[in-house]
Structure formats: C-alpha cells, structure tokens
Amino acid sequence: MSEPALGCTDDHCITCGDVAVEVRVIMADEARELATGHDDSGVATEIDTTLVGPVAPGDRLLVHAGTAIARIGEEHAA
C-alpha cells in the first residue's frame, strides 16, 4: 500500500505559496507578541508580530501565513 502524496490540494495555499496580505491591526497584545487584525474582507485573524516588533491598533502590516513580515505606511518609512 502506497503512502498518500503530501502537498497542497487547493489552487491557492497560503503556507507554501509566496503570498502576503495587508492587514490592519485592531487589537494588540505586546506581552505575547500577538495581534488581531483584519484584511479587506473584514475577517479577523491572529497575527504573530515577533518579526516586526510592537504594534498598535490602526497599524498596517504585511502578513504571510499568520506572521507579520513588514510594516506598511509612511509612519514607518525610513
């Protein structure tokens, strides 16, 4: 009996695809380095903010697979 093939079964996989979405922070838990935010569809999601540091409500983040990978916006420009 052969093992089932592992891999994505959908047309789009956020984990192995090179996809990130813009999310606006609605709540932040600085102690746990987590935030809650929503994308343009309005669906709330939990975000790991370890890589970008402390965030506050209203911040915009680029999120890949539940992890914030960058900040978006003029207020964080170098």
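For clarity, every value in this text was computed on a predicted model and none was experimentally measured.
Going from atom CD1 of Ile47 over to atom OG1 of Thr36 covers 7.0 Å, rounded to the nearest 0.5 Å.
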Considering only distance and modelled atom types, tabulate donor-acceptor pairs under 3.5 Å from the side chains of residues 20-35, sequence neighbours left out.
{"residue": "Glu22", "atom": "OE2", "partner": "Arg60", "partner atom": "NH1", "Å": "3.0"}
{"residue": "Arg24", "atom": "NH1", "partner": "Gly58", "partner atom": "O", "Å": "2.8"}
{"residue": "Asp29", "atom": "OD1", "partner": "Ala31", "partner atom": "N", "Å": "3.4"}
{"residue": "Asp29", "atom": "OD1", "partner": "Arg32", "partner atom": "N", "Å": "3.2"}
{"residue": "Glu33", "atom": "OE1", "partner": "Thr50", "partner atom": "OG1", "Å": "3.4"}

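Taking each heavy atom of Ala68 and Leu61 in turn, the nearest pair found is CB-CD1, 3.9 Å.
Sequence neighbours left out, not one pair with a member in residues 34-51 passes salt bridge (Lys or Arg N to Asp or Glu O under 4.0 Å).
The side-chain contact (heavy atoms from CB on, under 4.5 Å) test with Arg71 singles out one residue from Thr49, Val55, Leu62, and that residue is Val55.
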